[in-house]
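Note sheet for the following structure.
Counting convention: from 1, in listed order, for ligands and their atoms alike. The first residue in the sequence is number 1, and the count goes up from there.
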Amino acid sequence: MTKNIQTDVLVIGSGIGGLLTALLISKNKKIIIVTKSSLSQTATRLAQGGIAAVQNFEQDSFREHEADTIKAGHSINKPRIVKEVVEMGPEIIALLESLHIHFDESLHLEGGHSHHRVVHIKDMTGKIIEEKLIQAVRKSKNIHIYEHMLAINLLYGNNICHGATFFKNNTIVGIQASETVLATGGIGQVYLHTTNPGVATGDGIAMASRAGVEIEGMEFIQFHPTALEENKTPQLLLSEALRGAGARILNSKGEHFMKKYDERGDLSSRDIVTKAIFEELKKGQVYLQFEVYKKSIHKDFPTISAAIKQKKNLDLAKDMIPITPVAHYLCGGIKTDGHGKTSMKHLYAVGECASTGLHGANRLASNSLLEAAAFAVKTAEHVLKNYTKNKTIKAQAKFTPATQTYKLKSLRKKIQTIMWEKVGILRTTEGLKTAVQELTSIRNLLPPPHLINREISDTKNILDVSLIIAKAATARKKSIGCHWRV
Ligand code: SIN
C-alpha cells in the first residue's frame with residue numbers, strides 16, 4: 001500500500017542540524033520532521049565536548065579560531081566558509097540560550113585549539129541541546145513529527161527534489177515537499193569500532209548519491225583518539241576536554257609519548273593524536289590518566305566518570321583508563337554551498353551529512369555542533385527567502401515491504417570489518433583495492449533491490465557508503481589530515 005502526504009518543507013533527521021532548521025523555518029511554513037528511530041536517537045545527544053565559539057575577546061579572536069580550524073584541516077578548508085562560521089559563533093550561542101539552553105561559565109580547551117573556547121554544559125552538552133530542541137519542536141504547531149519512519153529514497157526528476165519515499169508499519173509513504181533538508185547525520189556504523197549511535201548508517205548520503213547528487217571528501221573519516229577500550233559498540237567517548245583539563249596519554253611503560261609526535265603534545269589535533277596512539281598500540285595498551293588528582297573531576301565530567309565506573313570499575317580522577325581510536329566523524333559528505341544548497345534543486349543538507357568546506361582534511365574539535373547550528377541558520381534563511389511552491393510528482397511505488405527476514409547481521413559485520421581493516425586509520429594501496437573488490441561482490445548477496453525493511457535499508461546504505469569511502473580513499477593518493485596512506 002502507498003500513502004501520500006504533502007508539506008511545505010521536509011526535514012529528514014533529528015539532531016541539532018535538523019531540529020534547529022525545522023524550528024527556524026516553522027514560523028512561516030508547515031514542516032514535517034521524519035526520523036527513523038525516536039527523535040532523541042542522534043549523535044548530537046552523545047556529543048560531550050561542546051561548541052567552539054570565541055567568547056573571551058581579550059585573550060582570543062575570530063582570526064585565531066579560523067587559523068586553528070585551517071591548521072587542523074591542513075589548509076584544504078574553504079576560507080570564506082571558515083570565516084563566516086567562526087564569526088557566527090557568538091550568535092549561535094545566543095540563539096541556543098534563547099531556547100533555554102544554559103551553558104557553563106567556564107570554557108573548555110580541546111586538541112588543536114590555541115585558547116579555551118569550547119562552550120559546554122559539563123560533559124553533556126549535546127544531550128541538553130537535544131532535549132531542549134525536542135521540547136521546542138514538539139511545542140510548534142507548524143511542525144509535524146514522524147518517528148520510526150525510514151527514509152528509503154529521494155523523490156526527484158530533472159534534478160529537482162520533490163521530497164522522499166519512506167517506510168513505516170509495512171507501508172510505503174511518499175512525502176511531497178517544496179523543499180527537502182537532509183540532516184541524517186554520520187556514517188560511523190560503516191566501521192566495526194565507532195562512537196556513533198546505531199542509527200548512523202549514512203542514509204542521507206546513500207540516498208543523495210543514488211540520486212546523482214554531488215558528494216565530496218568521503219575519504220576524510222575522523223577517528224577519535226580516545227575512546228574507551230571495550231568490547232562493545234558504540235564505544236564510550238572520552239572527551240578531548242579531559243586532556244584540556246589535565247589528563248595525559250601514556251603508553252604501557254608509563255611514558256607520555258605525544259611530544260615525540262608533535263610539539264603540541266597531548267593537545268595536538270585529532271588526526272595526529274590518533275596516528276600516534278595507533279603506533280604506540282603496536283607495543284602495548286595505551287592509557288589516559290590525570291597527572292594531578294583533582295576532586296572536581298567527577299563534578300566536571302559526571303557522564304564520563306559514571307560510565308567508566310560502571311563499565312570498568314575505574315576512577316576517572318586517578319586510574320589509568322585504557323583507550324583506543326575509533327571512527328567518530330565524517331568530514332566530507334553531500335556537497336553544499338554557503339546556504340546549505342546541494343547540487344540538486346530544492347534539496348539542502350545540514351550537519352554531519354553535509355560537506356560545507358569548514359573542516360578540510362580533519363575537523364577541529366567541537367567545530368561540528370557549531371557548523372550544524374550555523375548551517376541550520378543559513379539554510380533556514382535561504383529557504384524562507386527563496387521558497388517557491390514546487391509542483392508535485394507521482395511517487396513511484398518501486399518498493400515492496402519484505403515479508404521474510406534476511407539474516408543480514410553477519411553481512412553487515414563483514415562490511416564493517418573490511419572497512420575497519422582496509423579503509424581504516426591506515427590505508428594501503430593493496431588494502432584499498434581489495435576492499436573495493438570485496439565490497440562490490442557483497443552487493444550480489446543483498447536481497448532484491450525492490451524489497452524493503454529496516455535491516456535491508458541499513459545494510460544497503462552501509463554498503464553504498466562504504467564503497468564511496470573506499471573509492472574516494474583510493475583516488476586520493478597522498479596522505480593528508482585524517483586520510484593516512486602508505
Ligand atoms: C570530544 O569531546 O572529544 C568530541 C567532541 C567533538 O567531536 O568535537
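Under 3.5 Å, the side chains of K36 and T201 contain a donor-acceptor pair of N or O atoms.
Each of K275, E279, E280 was checked for a side-chain hydrogen bond (donor to acceptor under 3.5 Å, both in side chains) with Y261, and the lone residue meeting it is E280. Across Q59, E64, R63, a single residue satisfies side-chain hydrogen bond (donor to acceptor under 3.5 Å, both in side chains) together with S61, and that is E64.
Between the side chain of T342 and the backbone N or O of L347, at least one donor-acceptor pair lies under 3.5 Å.
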Could you check R264 against E110 for salt bridge (charged side-chain N to carboxylate O under 4.0 Å, His left out), going step by step and ending with a plain yes or no?
CA-CA 11 Å; R264 292 169 294 175; E110 295 188 9; over 6 Å; no

Determine whether F220 and N362 satisfy the following criterion, side-chain contact (heavy atoms from CB on, under 4.5 Å), listing intermediate values before the conclusion.
CA-CA 7 Å; F220 298 122; N362 171 57; over 6 Å; no

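For ligand 1, the atoms closer than 4.0 angstrom to any heavy atom of E240 are 1 (C), 2 (O), 3 (O). Each of the atoms 4 (C), 6 (C), 7 (O) of ligand 1 lies under 4.0 Å from some heavy atom of H328. In the vicinity of G49, heavy-atom distances shorter than 4.0 Å reach the ligand 1 atoms 2 (O).
Taking 4.0 Å as the cut-off, A365 counts as a neighbour of ligand 1 on heavy-atom distance.
Atom 2 (O) of ligand 1 has its closest protein heavy atom at S239 OG, 2.7 Å. For atom 6 (C) of ligand 1, the nearest non-hydrogen atom of the protein is R270 NH2, 3.1 Å.
Residues Y191 and F223 place their aromatic rings such that the two centres sit under 6.0 Å apart.
Checking only distances, A241 never comes within under 3.5 Å of ligand 1, N or O to N or O. Taking any N or O of N367, backbone or side chain, none lies under 3.5 Å from an N or O belonging to ligand 1.
Heavy-atom proximity to atom 8 (O) of ligand 1, evaluated over G126, G50, S366, G112, is greatest for S366.
Residue L237 touches ligand 1 through its side chain alone, judged by heavy-atom distances below 4.0 Å. Neither the backbone nor the side chain of Q222 has any atom closer than 4.0 Å to an atom of ligand 1 (non-hydrogen atoms only).
Using the six-membered ring where Trp is involved, H108 and F301 have ring planes that are parallel, under 30° apart on the 30 and 60° scheme.
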